[in-house]
Each structure stands twice: as structure tokens, then as C-alpha cells.
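Side-chain atoms are counted along with the backbone in the values below, which use heavy atoms only and exclude waters and symmetry mates. Residue numbers start from 1 in every chain, and the chains themselves are labelled A, B, ... in the order their sequence lines are given, proteins ahead of strands.
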2 protein chains.
Amino acid sequence: MKEFTIIDQTPTTPSKAFAIYEKKFKALADKKRLEIMNIVCQRGSVCVCDLTEIIDMSQSKLSYHLKILFDAKLLIKENRGTWSYYQLNEREVNHLLSEELCCLFRPSGR
Amino acid sequence: MKEFTIIDQTPTTPSKAFAIYEKKFKALADKKRLEIMNIVCQRGSVCVCDLTEIIDMSQSKLSYHLKILFDAKLLIKENRGTWSYYQLNEREVNHLLSEELCCLFRPSGR
DNA sequence: CAATTAAATCAAATATTTTTGATGTAAGGA
DNA sequence: TCCTTACATCAAAAATATTTGATTTAATTG
């Protein structure tokens with residue numbers, strides 16, 4: 001059986017690799033979530049309440065979308081008191097997307 | 001207004017860029033379609049009837065999924081008589097995915 | 001020309017995702 | 001301690017996507 005190795009994972013079968021990538025691409029397959037990724041990246045680190053003001057989106061909706069990105073390991077979460085700060089998982093994004101496309105998440109010449 | 005440039009497109013707004021990438025990631029956000037991409041890439045060029053035998057999938061289902069990949073410009077189609085031959089759009093895939101990930105579509109050391 | 005094959009498309013049924021508004025939990029401040 | 005704020009989660013409704021089986025179109029074959 002052919003093996004695939006995915007970032008930070010032990011080698012796996014093609015079929016399991018497809019399932020893992022399916023989840024990551026599903027997370028990226030939404031323009032609102034791409035916008036969230038873009039903003040999170042620009043700001044470096046953002047909490048949910050700040051995001052609700054930046055993008056016009058209800059809190060529960062935002063939490064829902066953030067969870068999808070987080071579960072796909074595209075975002076990192078850090079809890080400080082009652083706040084949750086989200087950051088881009090740069091390592092993961094770099095391993096997934098082309099350099100060119102990573103620029104979508106680095107719009108200010110970073 | 002900030003501009004983004006996507007492969008083979010005139011510069012566009014972030015919001016339009018997000019919509020275009022949404023479509024491409026949606027196409028990749030399915031393990032069966034990832035498997036199709038993988039097989040198409042291994043074979044170089046495949047027609048629908050060959051694919052139905054390689055992966056266990058009905059003809060109409062396969063046509064449905066191929067259309068999604070084609071509409072997202074991830075596959076190229078060539079009609080020869082009653083046959084449709086599909087190929088990976090390497091240029092597009094290379095511009096979208098990391099080199100590492102492109103290997104998922106080049107499993108035999110190509 | 002009739003029969004067969006390849007593949008796209010369609011409409012209905014099914015399944016999955018997303019949205020919405022409400023509720024729960026825990027931390028911080030008065 | 002009570003009130004407020006931040007955020008996650010929940011269940012029901014709404015919106016999308018996928019599957020299924022049938023039909024259509026057009027090219028090939030006998």
C-alpha cells in the first residue's frame with residue numbers, strides 16, 4: 001500500500017490523506033472564512049469580539065466559522081481569561097498552499 | 001481599494017478573489033474528487049468510462065464531480081468523438097497548492 | 001440505417017452545511 | 001455578591017450540495 005506523509009502526521013494511506021485534506025479544503029471553501037483568515041493574518045492575533053466589529057457577522061456565526069478553521073488546524077487559539085485569541089497557523093498554511101496564494105493572507109507586504 | 005491578482009486574471013478586489021478561491025477550494029473539498037484528481041494525474045489523461053471502472057462510481061455521479069473540478073479550472077477537458085478526456089490543469093494546481101501537496105497528485109515520483 | 005456506446009443533463013430524494021436566536025458557562029468588574 | 005461581558009454550544013429552520021435513476025444527444029459500430 002502506497003504511503004503519504006502529511007505535515008506533523010505519521011505516514012498514512014492515500015485514502016486517509018484524502019480525508020484529512022478534505023477537511024482542510026472544506027474549511028477554506030467559504031469566502032467568509034477566507035475573509036476571516038485574511039483579517040486574522042493582517043492583525044496577527046484577534047479575539048472574537050473584535051472580529052464581530054470588523055466583519056459584520058453575529059457572534060455565534062463567527063464562533064461557528066472559527067471552530068471550523070480551528071478544527072482544520074488552519075488557526076491557532078489562545079485563551080486569555082474570557083477572551084479567545086485566534087492566530088493564523090502559518091506552518092500549516094505554508095505546507096498547504098502555494099507561496100503565491102499565501103500572499104492572500106499577507107496583503108500588506110509582510 | 002486593495003487589489004489582488006489571481007493566475008490568468010486581471011487584478012481584482014479581495015472580495016472577488018475570495019469568491020474565486022472559494023470555488024476552487026470547494027472543488028477540492030471532497031475526498032472522492034481528490035481521488036479523481038489523483039487518478040487523473042497518475043494516468044495523465046482519462047475518459048469518463050475508464051474512470052467509472054477505476055473508481056466505483058456511477059457515470060452520472062462521476063460526470064457531476066468532473067464538472068465541478070472542470071468549472072473550478074482544476075481539470076482540463078478534451079473532446080474526441082463521443083469521448084471526453086480529462087487532464088490535470090497543472091498550471092492552476094501549481095499556482096494554488098504547495099509543492100509538497102502537489103505531490104499528492106504525483107504519487108509515482110513524477 | 002438500426003443498435004450500441006459515451007457522456008451530459010434533469011428532476012426528485014436525500015444528506016450535509018449554514019444561519020438564527022436562545023441558553024449556558026465562566027471570568028471580570030462594580 | 002450581582003451584573004456584565006466574552007464566547008461556546010444547542011436545536012430548529014433554511015439553504016446548499018450530493019445522489020439516484022431516467023432521459024437526451026451525439027458519435028460510433030455492425
Which whole-number value in Å describes the distance from A:Glu35 CD to C:dT18 C1'?
16 Å
Here the distance between atom P of C:dT4 and atom CH2 of B:Trp83, to the nearest Å, is 16 Å
Of the nucleotides D:dA26, C:dG28, C:dA7, which has the atom closest to the A:Thr82 side chain?
C:dG28
Return the value, rounded to whole Å, for the distance between atom CE of B:Met57 and atom P of D:dG21.
15 Å
Should A:Lys32 and A:Lys61 be marked as a side chain to side chain contact (heavy atoms under 4.5 Å, CB included) after you check the CA-CA gap, both sets of side-chain angles, and the distance that decides it?
CA-CA 10 Å; A:Lys32 285 166 199 160; A:Lys61 204 165 160 180; 4.1 Å; yes
Just checking A:Arg33: base, sugar-phosphate only, or nothing, at a heavy-atom cut-off of under 4.0 Å?
sugar-phosphate
According to a strict under-4.0 Å criterion, is A:Lys77 in side-chain N/O contact with OP1 or OP2 of D:dA8?
yes
Looking at B:Asn38, B:Ile54, B:Asp50, B:Leu51, which hits side-chain contact (heavy atoms from CB on, under 4.5 Å) with B:Arg43?
B:Ile54
Sidechain-backbone polar pair: A:Arg33 side chain, B:Glu22 backbone, donor-acceptor under 3.5 Å
no
Kindly work out whether a path of hydrophobic side-chain contacts (I/L/V/M/F/W/Y, heavy atoms less than 4.5 Å apart) joins B:Leu97 to B:Ile39.
yes
Using whole Å, report how far CG of B:Asp30 lies from C1' of D:dA17.
10 Å
Could you tell me whether B:Ser60 contacts a base, only the sugar-phosphate backbone, or nothing, with contacts defined as non-hydrogen atoms closer than 4.0 Å?
base
For A:Leu62 and C:dG21, what is the distance between atoms CG and C1' respectively, to the nearest whole Å?
16 Å
Can you check whether B:Lys26 has a side-chain N or O nearer than 4.0 Å to OP1 or OP2 of D:dA17?
yes
When A:Arg80 and A:Lys61 are each assigned the nearest nucleotide of DNA chain C, the 5'-most assignment goes to A:Lys61
Can you tell me the distance, in whole Å, between the NZ atom of B:Lys31 and the P atom of D:dA17?
19 Å
Output the rounded distance in Å from CG (B:Leu69) to P (D:dT18).
11 Å
Report yes or no: is there a donor-acceptor pair, N or O only, under 3.5 Å between the side chain of B:Gln59 and the base of C:dA6?
no
Counting the atoms with a prime plus P, OP1 and OP2 as sugar-phosphate, which does A:Ser63 contact under 4.0 Å by heavy atoms, base, sugar-phosphate, or nothing?
base
Is A:Asp30 close to A:Ile68 at the side-chain level, that is, under 4.5 Å between some pair of heavy atoms?
no
Could you tell me the separation between the NE2 atom of B:His65 and the P atom of C:dA8, rounded to a whole number of Å?
14 Å
Which part of the nucleic acid does B:Tyr86 contact within heavy-atom distance under 4.0 Å: base, sugar-phosphate only, or nothing?
sugar-phosphate
Identify whether any heavy atom of B:Leu51 sits under 4.0 Å from a base atom; if not, whether one sits that close to sugar-phosphate; answer base, sugar-phosphate or nothing.
nothing
